[in-house]
J.: 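Below you'll find the structure I mean.
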Amino acid sequence: MCFNMSLVTDRLALEGEFGAVFEQFPSYSGGSTPSIEYYNRSGFSHPLWPVVTVQDPGNFSSAHWGLVPSWVKDRESALRLQDMTLNARGESIWEKPSFRSAAAHAQRCLIPVDGFFEPHEHEGKSYPFYIHREGKLFALAGIYDRWVGPQTGREYLSFSIITADAAGLIDTIHNKKHRMPLILTAQQYPRWLDSDLSQEQVRQMLGDDRLPELFAHPVSKQLYSRTPAALEPSVQKQCLTGIDAVDRIALR
DNA sequence: CCAGACGTTGTT
DNA sequence: GTCTGG
DNA sequence: CCAGACGTTGTT
DNA sequence: GTCTGG
């Protein structure tokens with residue numbers, strides 16, 4: 001599960017990490033202060049995100065979070081479906097109508113993040129955690145598709161986060177659904193972007209429960225609100241809940 | 001045969 | 001576009 | 001886990 | 001009885 005992500009990095013750091021340049025992404029290219037501040041972005045607002053695709057690995061493409069498959073007929077259906085395609089279960093992307101075209105055509109992408117959020121349940125209440133690598137960039141694995149708006153005729157690029165069974169620290173945190181986004185480190189970027197990657201090889205990556213070094217701490221439940229405060233840097237900051245069972249997880 | 005789904009896992 | 005449910 | 005289906009087909 | 005959908 002992954003409905004909230006973070007990306008607070010300037011253009012140069014992104015270009016260095018992913019070996020791609022910005023020419024397509026409006027808020028990055030041409031601006032004098034080419035950075036964005038996505039301390040917390042909810043998938044349900046379908047934000048534009050810079051991604052690196054198999055088909056154009058040398059550039060950052062701008063894509064909306066929430067995959068809209070090419071066969072969707074109208075804007076209303078697209079919006080409805082988009083709330084349900086923030087994640088794609090990695091195990092079933094080859095069968096699901098919404099994802100199989102993307103899966104069949106190796107439309108995979110890297111989604112740069114500084115971190116993401118997962119809920120921890122304790123005595124019936126949900127405590128959001130921020131999961132990160134101490135400011136080090138990394139990527140989540142995604143698939144994407146293109147949709148052409150019937151009214152506008154314009155192409156709409158959009159993606160889903162690939163999920164797998166949770167492992168390690170994330171399994172401890174996400175104790176209800178036990179799912180996590182597929183996390184990629186720099187060494188794995190070329191592999192995910194290899195257009196010849198077989199279904200078997202993708203399944204292997206999904207089943208690999210080794211995680212890179214991760215850090216996590218509980219954050220304010222403000223994260224769940226739909227106020228401007230939920231977008232502020234403070235949502236990422238350490239915020240001890242005072243509940244031992246929850247705080248203890250952060251000590252890793 | 002046609003209509004409808006097509007998806008994943010949140011919270012206040 | 002393609003499958004499922006009725 | 002429990003509720004509900006359990007079936008087929010050309011219609012305006 | 002057993003499968004599917006929620």
Side-chain angles (χ1 to χ4, degrees), chain A residues 1-6 38-47 49 63-105 107 111 113 115-131 140-150 155-156 158-167 170-182 206 216 218-232 234-236 239 241 243 246:
Chain A
M1 192 278 291
C2 181
F3 289 162
N4 296 78
M5 314 192 287
S6 175
Y38 291 175
Y39 290 97
N40 164 37
R41 268 305 149 102
S42 163
F44 294 102
S45 61
H46 310 296
W49 209 275
H64 291 271
W65 186 3
L67 186 148
V68 180
S70 59
W71 45 257
V72 166
K73 290 181 184 66
D74 52 73
R75 206 176 120 78
E76 290 66 40
S77 319
L79 285 169
R80 238 178 300 116
L81 190 59
Q82 208 172 17
D83 279 349
M84 305 190 286
T85 56
L86 301 177
N87 295 172
R89 296 177 67 89
E91 304 89 329
S92 55
I93 54 174
W94 297 277
E95 288 87 45
K96 297 291 181 182
S98 292
F99 302 128
R100 61 186 166 198
S101 162
H105 297 112
Q107 291 173 352
I111 299 145
V113 294
F116 57 92
F117 300 85
E118 294 290 354
H120 179 72
E121 186 168 278
H122 177 67
E123 293 178 351
K125 288 183 178 173
S126 179
Y127 299 89
F129 273 68
Y130 181 51
I131 299 166
L140 301 182
I143 55 174
Y144 71 92
D145 210 340
R146 293 169 193 283
W147 178 67
V148 177
E155 188 177 78
Y156 186 91
S158 56
F159 66 90
S160 298
I161 304 282
I162 297 288
T163 64
D165 281 333
I170 304 178
D171 192 43
T172 306
I173 293 170
H174 199 195
N175 55 348
K176 199 168 183 185
K177 298 293 180 178
H178 297 283
R179 298 290 293 176
M180 66 175 185
L182 180 55
L206 292 167
V219 298
S220 167
K221 285 170 86 80
Q222 211 178 199
L223 181 88
Y224 294 143
S225 74
R226 271 168 277 172
T227 63
L231 306 175
E232 293 300 306
S234 59
V235 298
Q236 267 183 28
C239 174
T241 63
I243 298 169
V246 173

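All figures in this text were calculated on a predicted structure; none of them were measured in a lab.
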J.: Got a minute to check which stems DNA chain D is part of, using Watson-Crick or G-U wobble pairs under 3.5 Å, three or more consecutive?
T.: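 DNA chain D forms these stems: D:1-6 with E:1-6.
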J.: Among residues at least two apart in sequence or on other chains, which ones pass side chain to side chain contact (heavy atoms under 4.5 Å, CB included) with A/Arg146?
T.: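 Residues passing side chain to side chain contact (heavy atoms under 4.5 Å, CB included) with A/Arg146: A/Tyr144, A/Glu155, A/Leu157.
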J.: Say we look at C/dG1 and D/dG10: how far apart would their P atoms be, to the nearest angstrom?
T.: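 Looking at atom P only, C/dG1 and D/dG10 are 26 Å apart.
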J.: Treat primed atoms plus P, OP1 and OP2 as sugar-phosphate and everything else as base, then score nucleotides 1-10 of chain B 5' to 3': B for base contact with protein heavy atoms under 4.0 Å, S for sugar-phosphate contact only, - for none.
T.: -----BBSSB
J.: Taking side chain to side chain donor-acceptor pair (under 3.5 Å) as the cut-off, I'd like each qualifying pair that reaches into residues 85-97 of chain A, sequence neighbours left out, listed once.
T.: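 Output for this query lists A/Glu91-A/Arg179.
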J.: Between B/dC1 and D/dT11, how many Å separate the two C1' atoms, rounded to a whole number?
T.: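 9 Å, rounded to whole Å.
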J.: Please identify each residue that fulfils salt bridge (Lys or Arg N to Asp or Glu O under 4.0 Å) with A/Glu232, with sequence neighbours left out.
T.: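 Expected list: none.
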J.: Could you give the distance separating D/dT12 and B/dC2 at their C1' atoms, to the nearest angstrom?
T.: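 It works out to 13 Å between them.
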J.: Roughly how far apart, to the nearest Å, are D/dG7 and B/dA3 at atom P?
T.: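 Result for the P pair: 24 Å, nearest Å.
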J.: Test of understanding: with side chain to side chain contact (heavy atoms under 4.5 Å, CB included), list the residues that count as partners of A/Glu76, not counting sequence neighbours.
T.: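 Residues passing side chain to side chain contact (heavy atoms under 4.5 Å, CB included) with A/Glu76: A/Asp74, A/Arg80.
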J.: Considering residues at least two apart in sequence or located in another chain, which fulfil the salt bridge (Lys or Arg N to Asp or Glu O under 4.0 Å) criterion with A/Lys125?
T.: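 In terms of salt bridge (Lys or Arg N to Asp or Glu O under 4.0 Å), with neighbours along the sequence ignored, A/Lys125 is linked to no residue.
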J.: For A/His120, enumerate each residue passing the side chain to side chain contact (heavy atoms under 4.5 Å, CB included) test, keeping only those at least two apart in sequence or located in another chain.
T.: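 With sequence neighbours excluded, A/His120 shows a side chain to side chain contact (heavy atoms under 4.5 Å, CB included) to A/His122, A/Phe129, A/Ile173, A/Asn175, A/Val246, A/Ile249, given in chain and number order.
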J.: So, taking the atom named CG in A/Leu140 and the one named OG in A/Ser160, what distance separates them when rounded to the nearest 0.5 Å?
T.: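 Here the rounded value is 12.5 Å.
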J.: Mind checking what makes side chain to side chain contact (heavy atoms under 4.5 Å, CB included) contact with A/Pro97, not counting sequence neighbours?
T.: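 A/Pro97 satisfies side chain to side chain contact (heavy atoms under 4.5 Å, CB included) with A/Trp71, A/Arg100 once adjacent residues are dropped.
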J.: Taking OH from A/Tyr127 and C1' from B/dT12, how many angstroms apart are they, rounded to a whole number?
T.: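 Between C1' of B/dT12 and OH of A/Tyr127: 14 Å.
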J.: Using the P atom on both, measure C/dT4 against E/dT4 and round to a whole Å.
T.: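 Result for the P pair: 12 Å, nearest Å.
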